[in-house]
Amino acid sequence: MANNITRFIALEAIYSVIINKKSLSAFNYPKDNDTPLIKSLVFGTIRFYHQLNDIVSKRLKHSFKKEDLDVHCLMLLGAYQLLYSKIAIHASIFETVNVVNALNKPWAKALVNAILRKIDRDKKILQQQVHYSHPSWLVKKIKRDYPNDFETIFKQNNTQAPMTIRVHTSLNLDHYQQQLQQEGISSQKLAITPQALVLDKATTVFNLVKFEQGACYVQDASAQLSVPLLNPKNTDLILDACSAPGGKATHLCELAPQCKVIALDNDNKRLIKISQNAQRLKITNIQTILGSAQNQDWWDSQLFDKILFDAPCSATGVIRRHPDIKLLRKPKDITTLVVIQKNILENLWQMLKPSGILLYATCSILKVENEQQIKYFLNTHYDAKEIKIELDWGINTTVGRQQLPTDNFDGFYYAKIIKLT
């Protein structure tokens, strides 16, 4: 694929996020050898959008008309290559400028070239400047919630997340790690997640040893912490609310092969993914149900021993995996999500047995969705009591436990609640 075509496709994806407000996951990348390069250009540009936008905008005499915002996005793509990629300066400028030909806007060629050359001249100064590259509203929230940790959080959010797998409990972790090594895939074990291997370099799942036979599941280490906290037993009836794509449901069944798991989701296409993952992992004790966790019309009134509630949230703990969150998420979304979380908690609580346990989990780092949400729930439910999570990871909060983004862990929150008799 020609270099200018590669950058043109990258520009289409970048434009779809910045201008059309579409998720990166909605973009269809070509099945081509250049796809990894395209994705790296796209994710990098979106990851550093707020910084790159400031840099480009300050060097323009006039802002673009709406119909020419593709040129502005192209400059962001060029700026990313100059400041953050290992692509040669000449290629970063020349190939990016040539994309203008595909836009049918010959007037923009000299302008794009001039702006990128200015950025290149200022490169050393720009690279020394501190810029969190987050929207201002989110910067304020994270600084307020984590006055001692916000710089580390911003830094982690602006790095590429590792690829982590959960190795099936039936396999010996050391032996499987050796098998991967023999295929040229090196990895590291993690002390607090006994089934996890963090790959030194991401790869396609089809390169993983016996992936199709169910040897492993791609899942971040923080997500792998959830199910052991619930301590599933073979005799348990467990609800996995908001279950898709089934990472936690299948993990429950790996740890308790004879338990019964009800995997609930309100999206039929996502339910199919749960079934596909269960089939690949040779799991037969998951029942998928289409329904909303805010309602009870799907429920047969049988109380659950345990409930895993992986709540819909801001996903601010997984920004490094989904950098478009920084552009697509708005402050009002947080308010809406907090209400949804509260409503679902109220609903699910009615389905839990006395002495049953509910695990509340989010991939958020915002306290309003996490400890403040659970603190309110405990204060308004006389029959609810927190079970302290006293483990050697994350940070202890007023209620529950918070894992902040680190090299090997996404940002996750967990709270364990028992229903009193």
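Counting from 1, the numbers follow the sequence of the chain as shown.
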Ionic contact status for Lys22 with Asp324, cut-off 4.0 Å: no
Atom of Val71, atom of Phe64 and distance for their closest heavy-atom approach: CG1-CZ, 3.7 Å
SB check Lys367 Glu369 (cutoff 4.0 Å): no
Test log, rule side-chain contact (heavy atoms from CB on, under 4.5 Å), inputs Ile319 and Asn158: CA-CA 8 Å; Ile319 283 176; Asn158 290 333; 5.8 Å; no
Validation row: Pro312, Cys242 side chains within 4.5 angstrom (heavy atoms): yes
Intermediate values then yes/no, side-chain contact (heavy atoms from CB on, under 4.5 Å), Gln287 and Val261: CA-CA 6 Å; Gln287 179 185 351; Val261 174; over 6 Å; no
Closest approach of Arg320 to Thr159 (non-hydrogen atoms, all atoms of both residues): CB-O, 3.1 Å
Identified ring pair (Phe, Tyr, Trp, His ring centres under 6.0 Å) counterpart of His134 within the set Phe154, Phe48, Phe150: Phe154
Residues Tyr413, Leu404; criterion side-chain contact (heavy atoms from CB on, under 4.5 Å); working and verdict: CA-CA 8 Å; Tyr413 173 81; Leu404 296 178; over 6 Å; no
Between Asn101 and Lys109, a side-chain donor and acceptor under 3.5 Å: yes
Aromatic Phe211 / basic Arg280 pairing, under 6.0 angstrom, 45° off normal: yes
Heavy-atom pair with the smallest gap, counting every atom of Gln81 and Ser92: CB-OG, 3.5 Å
Nearest-0.5 Å distance that lies between atom OG in Ser187 and atom CE in Met163: 11.0 Å
NZ/NE/NH1/NH2 to OD/OE distance under 4.0 Å, Asp265 and Arg270: yes
Salt bridge flag under 4.0 Å for residues Glu254 and Arg166: yes
Crowding at NZ, Lys210 (>12 non-hydrogen neighbours, <6.0 Å): no
Trp299 and Phe304 aromatic ring geometry - parallel, tilted or perpendicular at 30°/60° bounds: parallel
Six-ring centre of Tyr29, Lys39 cation under 6.0 angstrom, axis tolerance 45°: yes
Smallest separation among heavy atoms of Val227 and Pro232, with atom names: O-CD, 3.5 Å
Check: Trp393 ring centre within less than 6.0 Å of Tyr414 ring centre: yes
